[in-house]
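Data block below; observations after.
Residue indices begin at 1 and follow the sequence shown.
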Amino acid sequence: MKLSRDFYIQDDTLKIAQQLLGKILCTKIDGKYCSGVICETEAYLGANDKASHAHRNRFTERTKIMYAEGGVAYVYLCYGIHHLFNIVTGKSGDPQAVLVRAIVPIEGKEFMLERRNQQKLKPKDYIGPGKVSQALGLSKAQNGLSLTESQVWIEDREINVDSSKITASARIGIDYAEEDAELPYRFQYFDWDF
């Protein structure tokens with residue numbers, strides 16, 4: 001079942017980041033259907049989060065999509081190389097988002113291998129947000145698309161996630177965020193039984 005808009009507009013982005021673990025990120029790009037179980041996320045809490053692109057209500061051509069109502073994709077190019085896929089959350093005007101950092105491939109593995117230029121599926125090759133986007137065919141072309149009405153969506157297939165086994169730690173690659181770099185806003189769950 002595709003997640004509804006109500007899921008994305010909850011008030012607590014940290015909670016959404018944890019609830020996304022075990023959900024299925026799906027794409028159908030260029031006629032190629034792929035899906036993977038989300039197993040790692042990072043939350044970015046907007047204006048008061050020094051790690052957020054929208055810190056201090058920064059509003060630019062790149063960040064303006066973060067101010068939309070939750071349930072749209074925020075995809076940007078990092079270091080001019082990697083596309084990173086984020087999910088805008090919360091109410092309109094409050095720029096919060098969740099970065100998808102890792103998946104476990106399920107469907108369309110042949111397309112993922114092709115996009116990643118690989119012969120064999122290796123789990124570690126789907127840990128890292130740039131790798132996730134590449135495998136699923138995500139790019140800036142999907143920036144701003146609705147996650148309820150487009151070629152990118154998230155499903156709840158009722159995969160059991162034991163919340164006691166979710167780990168929380170500091171986010172990665174945000175040393176510039178000073179004390180906010182240490183906040184435990186990165187969530188992982190790799191104890192799968194499906």
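- Put simply, the side chain of Q10 gets close to the backbone of F7: a donor and an acceptor are under 3.5 Å apart.
- Looking only at distances, a side-chain donor or acceptor of T41 sits under 3.5 Å from a matching main-chain atom of A17.
- No donor-acceptor distance shorter than 3.5 angstrom exists from the side chain of R186 to the backbone of R171, with no hydrogens or angles considered.
- E158 pairs by the salt bridge (charged side-chain N to carboxylate O under 4.0 Å, His left out) definition with nothing, not counting sequence neighbours.
- Without hydrogens or angle criteria, D162 side chain to S164 main chain gives a donor-acceptor distance under 3.5 Å.
- For the pair I65 and V88, the tightest heavy-atom approach, listed with the atom from each and the gap, is O-CG2, 3.7 Å.
- Atom OG of S163 is separated from atom CD of Q18 by 8.5 Å, given to the nearest 0.5 angstrom.
- Panel note: side chain T63, backbone M66; no donor-acceptor pair is recorded below 3.5 Å.
- Within the structure, every pair that satisfies the side-chain hydrogen bond (donor to acceptor under 3.5 Å, both in side chains) test and touches residues 87-96, not counting sequence neighbours, is listed here: T13-T89, T13-Q96, D94-Q96.
- Between Q188 atom CD and E42 atom CD the span is 9.0 Å, to the nearest 0.5 Å.
- Between the CD1 atom in I154 and the OG1 atom in T148 there is a gap of 11.0 Å [rounded to 0.5 Å].
- In this structure, R5 CZ and S146 OG are separated by 4.5 Å, a value rounded to the nearest 0.5 Å.
- Evaluation of the salt bridge (charged side-chain N to carboxylate O under 4.0 Å, His left out) rule for K165 yields D191 as partners, not counting sequence neighbours.
- In this structure, CD1 on I38 lies 7.5 Å from CD1 on I24, to the nearest 0.5 angstrom.
- Using a 4.5 Å cut-off between side-chain heavy atoms of Ile, Leu, Val, Met, Phe, Trp and Tyr, with links allowed through other members, V100 and Y8 fall into the same hydrophobic cluster.
- At least one donor-acceptor pair closer than 3.5 Å links the side chain of N143 to the backbone N or O of V75.
- Minimum heavy-atom separation, Y126 to A135: CE2-CB, 3.5 Å.
- Between the side chain of E69 and the main chain of I9, no donor-acceptor pair closer than 3.5 Å is present.
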Which side-chain N or O atoms in residues 101-111 pair as donor and acceptor under 3.5 Å with protein atoms at least two apart or in another chain?
| unit_1 | atom_1 | unit_2 | atom_2 | d |
| --- | --- | --- | --- | --- |
| R101 | NE | E40 | OE2 | 3.0 |
| E107 | OE1 | Y33 | OH | 2.9 |
| E107 | OE1 | S35 | OG | 2.4 |
| E107 | OE1 | R157 | NH1 | 3.3 |
| E107 | OE1 | R157 | NH2 | 3.1 |

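- From Y185, atom OH reaches atom OG of S169 across 13.0 Å, with rounding to the nearest 0.5 Å.
- Residues that satisfy the side chain to side chain contact (heavy atoms under 4.5 Å, CB included) test with Y76, not counting sequence neighbours, are H53, R62, Y74, C78, L84, N86.
- Q134 and R115 are not linked by any side-chain donor-acceptor pair at a separation below 3.5 angstrom, with hydrogens and angles left out of the test.
- More than 12 heavy atoms of other shown residues, nucleotides or ligands fall within 6.0 angstrom of atom NZ in K50.
- Every residue meeting the side chain to side chain contact (heavy atoms under 4.5 Å, CB included) condition with S133, not counting sequence neighbours, appears here in chain and number order: H83, F85, L138.
- Taking both residues in full, the closest heavy atoms of C34 and M112 are given as CB-CE, 3.9 Å, listed atom of the first, atom of the second, then distance.
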